[in-house]
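Written below as structure tokens is the structure these notes are about.
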Amino acid sequence: MPELPEVEVTRQRIAPLLLGRRIACVETTGDSYFFLTKPAKLRRALPGRTAVALDRHGKYLVVTLDNRARLVLHLGMTGQLFGGGVTSVRLLSAAARASLAPEAQPVFRPDSHTHLRLRFADGVPDILFRDVRKFGKVFLVAEGEVNPRLAKLGVDALRATSGDLFPLLRRRHTAIKNVLLDQSVIAGVGNIYADEALFLAGVRPLRRASRVTRAECERIVEALHQVLRRSIETGGSSISDYLAPDGNDGGYQDERRIYAREGEACRRCGGRVRRIVIGQRSAHFCARCQH
DNA sequence: ACCGCACCCTGAGCGC
DNA sequence: TGCGCTCAGGGTGCGG
């Protein structure tokens, strides 16, 4: 699932395919809540525009256009953004994969889950946004318009300090895990990195936020920076659907210490990794290493 | 102001 | 083989 590192890797790899190129044509699927801006409006408004910047705010990608409008993308749970011409068996359905020669690497063709396609001049690779579950989002923000979804985002997780976080923890009586996932507190942290950071910091995910000490808060922020940076370095985590824009898996899933390791041995003490549910989401922890 | 929960969606994996 | 069920989860919005 795309969290800050996966979105950042996507940003870095999509930028050279996007920046400075004039959009010639836009293809979309039909109306759905995936499109917070009507797809017909996107098809009308985007051609002729050139992207001048590609930024990331938390898990949002923000494309600034030459008319100062912004095209905003969120990958949701299963969103994949990649350049045209990508070859990857991972992008095929299980059925299509099964009928393929083992070493074949067919070029991906836009399918019914490819909701947005930006096309450029002839011969320039296009950019595809695919999202099977449609939890992702696409919308346009006019120049000067304040978008509430972007406005309420907290400090980006890579820039967050314990000075940002600790005062907020004092006021919250819910589990620390819930607060780390709250994008209005710290933007960019999702389920994987929240669990990883809490494990490294030695704090149980169910601990009430208001009972986290200042020293623990500092360890949590430090651990978040460590896991997020390392994941970006290794290309992100490909645990369920995430693929880097070149169609390949990231590498961080192999470095996971706790997430989705229920029943396996804790990498620090050898104890059994436990899984519980907090706020409708799975949380993983080691009862011996986390207090 | 804060908290918990239902909901949006679809493919994978399971039991029968 | 194939059906139907459950599960996964980011973010929003609701009711308490």
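Chain naming here is simple, since letters A, B, ... match the order of the sequence lines and numbering starts at 1 in each.
- For A:Y60, the side-chain atoms get nearest to C:dT12 when compared with the rest of C:dG10, C:dT12, B:dG4.
- Residue-nucleotide stacking is present for A:F135 and B:dC8, judged by a side-chain ring centre under 5.5 Å from the six-membered base ring centre and planes under 30° apart.
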Note, DNA chain C 5' to 3' with Watson-Crick or G-U pairs under 3.5 Å encoded as ( ), [ ], | and . gives .|||||||||||||||
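- Salt bridge A:E27/A:R119: present, at least one basic N to carboxylate O contact under 4.0 Å.
- Residue A:K59 has a polar side-chain atom (N or O) positioned under 4.0 Å from OP1 or OP2 of C:dG11.
- Rounding to whole angstrom units, OH of residue A:Y33 and C1' of B:dA6 are separated by 13 Å.
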Where do A:D182 and A:R172 land on the salt bridge (charged side-chain N to carboxylate O under 4.0 Å, His left out) test, with the steps shown first? CA-CA 11 Å; A:D182 183 341; A:R172 301 290 295 267; 3.2 Å; yes
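- Residues A:L75 and A:Q80 approach most closely at CD2-N, 4.4 Å, considering heavy atoms.
- What separates NZ of A:K134 from P of B:dT10 is a distance of 5 Å, to the nearest Å.
- One finds a side-chain N or O of A:H74 lying less than 4.0 angstrom from the OP1 or OP2 phosphate oxygen of C:dG11.
- The two residues A:C286 and A:C269 have their closest heavy-atom pair at SG-SG, 3.6 Å.
- Per the geometry, CZ belonging to A:F34 stands 13 Å off P belonging to B:dC9, to the nearest Å.
- Tested against A:D195 for a salt bridge (charged side-chain N to carboxylate O under 4.0 Å, His left out), the candidates A:R274, A:K177, A:R281 yield a single pass: A:K177.
- Contact check, A:R149 against C:dT12: a side-chain N or O comes under 4.0 Å of OP1 or OP2.
- Atom P of nucleotide B:dC3 and atom CG of A:L168 are separated by 12 Å, given to the nearest angstrom.
- Residue contacts for A:R208: at a heavy-atom cut-off of 4.0 Å it reaches no nucleic acid atom on any strand shown.
- Donor-acceptor pairing under 3.5 Å, judged by distance alone, is absent between the side chain of A:R171 and the base of B:dA1.
- Checking A:T28 against A:R43 by side-chain atom types alone, a donor-acceptor pair falls below 3.5 Å.
- Remark: A:R204 is not positioned above the aromatic ring of A:F199, lacking an NZ or CZ atom under 6.0 angstrom from the ring centre and at most 45 degrees off the axis.
- Out of B:dT10, C:dT12, B:dC5, the shortest distance to the side chain of A:H113 is found at B:dT10.
- A close approach under 4.0 Å does occur between a side-chain nitrogen or oxygen of A:K152 and OP1 or OP2 of C:dT12.
- Under 4.0 angstrom from either OP1 or OP2 of B:dC3 there lies at least one side-chain N or O belonging to A:R172.
- The side chain of A:Q280 places no N or O atom within less than 4.0 Å of a non-bridging phosphate oxygen (OP1 or OP2) of C:dG9.
- Judged by distance alone with a 3.5 Å cut-off, a donor-acceptor contact links the side chain of A:R281 to the base of C:dG11.
- Dashed line: the shortest gap from a side-chain N or O of A:S282 to OP1 or OP2 of C:dG9 is under 4.0 Å.
- If you measure from atom NE2 of A:H115 to atom C1' of B:dC8, you get 13 Å, rounded to the nearest angstrom.
- Between A:Y193 and C:dG10 there is no side-chain N or O to OP1 or OP2 distance below 4.0 Å.
- Atom CD1 in A:I278 sits roughly 10 Å away from atom P in B:dG4 (whole-Å rounding).
- Nucleotide C:dG11 holds its C1' atom 16 Å from the CG atom of A:L4, rounded to whole Å.
- Checked against B:dC5, B:dG4, C:dG10, the side chain of A:T174 finds its nearest nucleotide in B:dG4.
- Aromatic ring pairs are classed by plane angle as parallel below 30°, tilted from 30° to 60° and perpendicular above 60°; the pair A:H115 and A:F34 is tilted.
- Nucleotide C:dG13 holds its C1' atom 12 Å from the NZ atom of A:K137, rounded to whole Å.
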